[in-house]
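Input: a single structure, listed below in structure tokens.
Model, not experiment: these values are computed from the prediction.
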Amino acid sequence: GIQNEYINVISNGSNYSLGTIGGNPASQTDNNKKLLYGYPNFGTSYTTIRIDEKDYKFSPSSVTYTENVITASQTYDDIIVSLHFSLIYNQYSGREDVAEFSYTAENIGANNHNVGVRIMFDTMLGGNDHSPFRIPNIGDASCETDLVGNSIPEFWQSFDSLTILLIFCIVSRYSSLSTNASDASI
């Protein structure tokens, strides 16, 4: 995995988990806590690749770890999918306390393909395996909520508790694609 004084990402390429080391230096309540289920082991979070309506679990044969970066790739016929997990600078805190999870897909063939990537974060904040969410324009959510197309927000928050806040994380989405950047989120 990769880690710094704030967070730790564990990955074998197929599954991954995330947790805090020191978390927010201003708070002692978020030190050494789970953010994804299974931490400090590989966990149950994983990525699905969809190519022309067929789903594959992303399972690269090798994973490379360098300073604060995890990379891996897998080829599906003429599509190369690469993951890039890194610890990056947070413009709001002024620290490298953000875990960035990104994927790229490259078509090395002559035919066009429809390619999608679904990252399944199995959240577990601290000891709460049913951690609630706060979603812009929706509010608090503690059960599955289908969001499609433009109703998918740019970010959402997850908490260990909505009443006594000890741990929280913010998830944001970004796609370099201008169309169909995100079709659905649950």
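Under the 4.5 Å side-chain heavy-atom criterion for ILVMFWY residues, no single connected hydrophobic cluster contains both Y103 and F42. No chain of hydrophobic side-chain contacts below 4.5 Å, direct or via other Ile, Leu, Val, Met, Phe, Trp or Tyr residues, connects L166 to M124. Hydrophobic clustering (ILVMFWY, side-chain heavy atoms < 4.5 Å, transitive): F155 and L147 are in distinct clusters.
Other residues sharing the hydrophobic cluster of M120, ordered by chain and number and joined by side-chain separations under 4.5 Å: Y46.
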Practice task
List the steps and the verdict of side-chain hydrogen bond (donor to acceptor under 3.5 Å, both in side chains) for Y6 and N90.
Solution key: CA-CA 12 Å; Y6 309 109; N90 180 343; over 6 Å; no
Handout entry: Intermediate values then yes/no, side chain to side chain contact (heavy atoms under 4.5 Å, CB included), L35 and L125
Key = CA-CA 5 Å; L35 297 176; L125 274 70; 4.2 Å; yes
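Considering OG1 of T123 and CH2 of W156, their distance stands at 11.0 Å, rounded to 0.5 Å. With values rounded to the nearest 0.5 angstrom, L162 atom CG is found 9.5 Å from S131 atom OG.
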Using atom types as modelled, flag every donor-acceptor pair under 3.5 Å from a side chain in residues 75-84 to any protein atom, sequence neighbours excluded.
{"unit_1": "Y76", "atom_1": "OH", "unit_2": "Q74", "atom_2": "OE1", "d": "2.8"}
{"unit_1": "D78", "atom_1": "OD1", "unit_2": "H113", "atom_2": "NE2", "d": "3.0"}
{"unit_1": "D78", "atom_1": "OD2", "unit_2": "H113", "atom_2": "NE2", "d": "3.3"}

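Contact check for I10 versus N41: no side-chain heavy atoms found under the 4.5 Å cut-off.
No side-chain N or O of D122 forms a donor-acceptor pair with one of S45 less than 3.5 Å apart.
When atom types are taken as modelled, the side chain of T20 and the backbone of D30 share a donor-acceptor pair closer than 3.5 angstrom.
F159 and F133 have their aromatic ring centers separated by at least 6.0 angstrom. Aromatic pair F121/Y37: centroids not less than 6.0 angstrom apart. The aromatic ring centres of F85 and Y16 sit less than 6.0 Å apart.
Residue pairs meeting the salt bridge (charged side-chain N to carboxylate O under 4.0 Å, His left out) criterion with at least one member in residues 88-110, sequence neighbours excluded, are R95-D97.
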